[in-house]
Amino acid sequence: MSDSPPNAAPSGIRYSSAGAEHQISTGAWLRIVFGIGLSLAGVLLFGRYLNQTLPQPPLPVIAHIQGDLEVTERSGQSVKLSSLRGKVTVMACLYTVCPHGCAAVVAQMQKLNAAHHARPDFHQVSLAVAPERDTTGFLKAYAEGVGAKPEDPWWFVTGNQQAIWDYMTHELQLQAPAPIPEEKRLNPLDLYEHDLRLVLIDRQGRVRGYYSVFHPQSEVAMLMTEHLSRDVRRLLDHPDQ
């Protein structure tokens, strides 16, 4: 007879293999789990180390911006986007009452502004999709609402709608904005469908990346966010790229 009490807790983990019963002690099982955890952590850390130390391939050159756009900044000042040559620039469409993904786009621009606003070679531009509504007054109030100071390197611009749309489409090579049919609008102000990607532009006026930071798959959105932050830093720290 066994000396163990009938209701004693099992001293290990039982499993079947090849028709036979086996048992692993709790201590051995914990050591196996701990070892697997350490191995996975080591793989992740080593991968991050390689990513940081090995030379990265250059970012692709997707397009060359040839044209220019003169618009009105929230301050009321007339500005030309060509004046940003020599700076690493991030541009994106903006519709201040957008019920879709504009908030996610602006949130990423806020993070970039917080990280790089002190650098003279960094700038951002939010282009009004609906200039008839997003006037300088609206844009000024919106910029204040998202914490963008007047001295920050972040323009909120408005102007002629067709000129802005043409620049978005032909120069930045974003998807052309389009009116939303009334029956498909989420609310009465949901007037325009537009591209929600951020555009990264280098000092030479070349498009180097598009970033879908608003994406139905959260993993993709997180990956795009990480790539955007990394690629902005790469272009700022390595002007020759």
Side-chain angles (χ1 to χ4, degrees), residues 65 67-84 87-117 122-180 185-201 207 209-215 221 224-225 228-229 232:
I65 296 176
D68 199 1
L69 178 65
E70 185 169 358
V71 282
T72 304
E73 211 274 323
R74 57 176 157 148
S75 62
Q77 179 184 3
S78 179
V79 296
K80 289 185 176 182
L81 298 190
S82 60
S83 67
L84 298 177
K87 299 184 179 185
V88 174
T89 307
V90 174
M91 294 191 188
C93 303
L94 174 65
Y95 185 30
T96 59
V97 292
C98 172
H100 302 282
C102 281
V105 173
V106 171
Q108 294 308 313
M109 298 180 82
Q110 286 175 298
K111 291 179 181 178
L112 291 173
N113 183 60
H116 306 300
H117 70 276
F122 175 75
H123 208 94
Q124 296 191 105
V125 181
S126 291
L127 295 151
V129 173
E132 73 277 10
R133 184 188 189 284
D134 289 336
T135 60
T136 54
F138 268 97
L139 293 180
K140 183 178 180 180
Y142 184 86
E144 291 175 354
V146 300
K149 300 176 182 178
E151 64 270 20
D152 284 340
W154 188 355
W155 288 346
F156 294 77
V157 302
T158 187
N160 178 271
Q161 185 182 67
Q162 192 57 56
I164 293 175
W165 284 19
D166 286 346
Y167 189 87
M168 293 173 179
T169 306
H170 302 309
E171 301 298 339
L172 300 182
Q173 297 192 7
L174 293 171
Q175 181 181 349
I180 299 175
R185 295 174 186 171
L186 297 182
N187 63 50
L189 295 175
D190 187 21
L191 301 178
Y192 300 107
E193 179 182 6
H194 60 89
D195 204 319
L196 290 168
R197 292 175 296 171
L198 290 102
V199 185
L200 177 59
I201 303 164
V207 175
Y210 297 100
Y211 305 85
S212 301
V213 297
F214 176 76
H215 196 278
M224 289 293 99
T225 298
L228 172 63
S229 177
V232 168

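Keep in mind that this is a model prediction, so the values were computed, not measured.
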Any [X] side-chain heavy atom under 4.5 Å of [Y] side chain:
| X | Y | value |
| --- | --- | --- |
| Leu228 | Gln108 | yes |
| Val199 | Thr89 | no |
| Val79 | Thr72 | no |
| Leu174 | Cys93 | yes |
| Pro177 | Thr169 | yes |
| Tyr167 | Ile65 | yes |
| His116 | Val232 | yes |
| Asn113 | Gln124 | yes |

Side-chain donor-acceptor pair under 3.5 Å between Thr96 and Asp134, yes or no? yes

Rounded to the nearest 0.5 Å, what separates atom [atom1] in [X] from atom [atom2] in [Y]?
| X | Y | atom1 | atom2 | result |
| --- | --- | --- | --- | --- |
| Leu172 | Ile164 | CG | CD1 | 11.5 Å |
| Gln110 | His117 | CD | NE2 | 13.5 Å |
| Glu132 | Asn160 | CD | CG | 11.0 Å |
| Glu171 | Ile201 | CD | CD1 | 10.0 Å |
| His170 | Leu69 | NE2 | CG | 12.0 Å |
| Ser229 | Tyr211 | OG | OH | 10.0 Å |

Checking Arg74 against Phe156: charged group under 6.0 Å from the ring centre and within 45 degrees of the axis? no

Are any side-chain N or O atoms of Glu144 and backbone N or O atoms of Lys149, one a donor and one an acceptor, separated by less than 3.5 Å? no

Are the side chain of Gln161 and the backbone of Val129 linked by a donor-acceptor contact shorter than 3.5 Å? yes

I need the minimum non-hydrogen distance between [X] and [Y], along with the two atoms involved.
| X | Y | value |
| --- | --- | --- |
| Val157 | Val71 | CB-CG2, 3.5 Å |
| Met109 | Val125 | CE-O, 3.7 Å |
| Ala92 | Leu198 | CB-CG, 4.2 Å |
| Tyr210 | Met224 | O-SD, 4.3 Å |
| Pro131 | Gly159 | CB-O, 3.0 Å |
| Gly147 | Asp152 | O-OD2, 4.0 Å |

For Gln173 and Val207: C-alpha separation, side-chain torsions, deciding distance, then whether side chain to side chain contact (heavy atoms under 4.5 Å, CB included) applies. CA-CA 9 Å; Gln173 297 192 7; Val207 175; over 6 Å; no

Between Trp155 and His123, is the ring centroid distance below 6.0 Å? yes

Verdict with reasoning, Ser75 to Lys140, per side chain to side chain contact (heavy atoms under 4.5 Å, CB included): CA-CA 7 Å; Ser75 62; Lys140 183 178 180 180; over 6 Å; no

Set of side chain to side chain contact (heavy atoms under 4.5 Å, CB included) partners for Lys80, sequence neighbours left out: Asp68, Glu70, Ser82

Check side chain to side chain contact (heavy atoms under 4.5 Å, CB included) between Thr135 and all other residues, then give those that pass, not counting sequence neighbours. Phe138

Pair Thr158, Leu139 - check side chain to side chain contact (heavy atoms under 4.5 Å, CB included), show working. CA-CA 8 Å; Thr158 187; Leu139 293 180; 3.8 Å; yes

Any chance you could lay out the side chain to side chain contact (heavy atoms under 4.5 Å, CB included) test for Leu112 and Phe122, step after step, and finish with the verdict? CA-CA 9 Å; Leu112 291 173; Phe122 175 75; 3.9 Å; yes

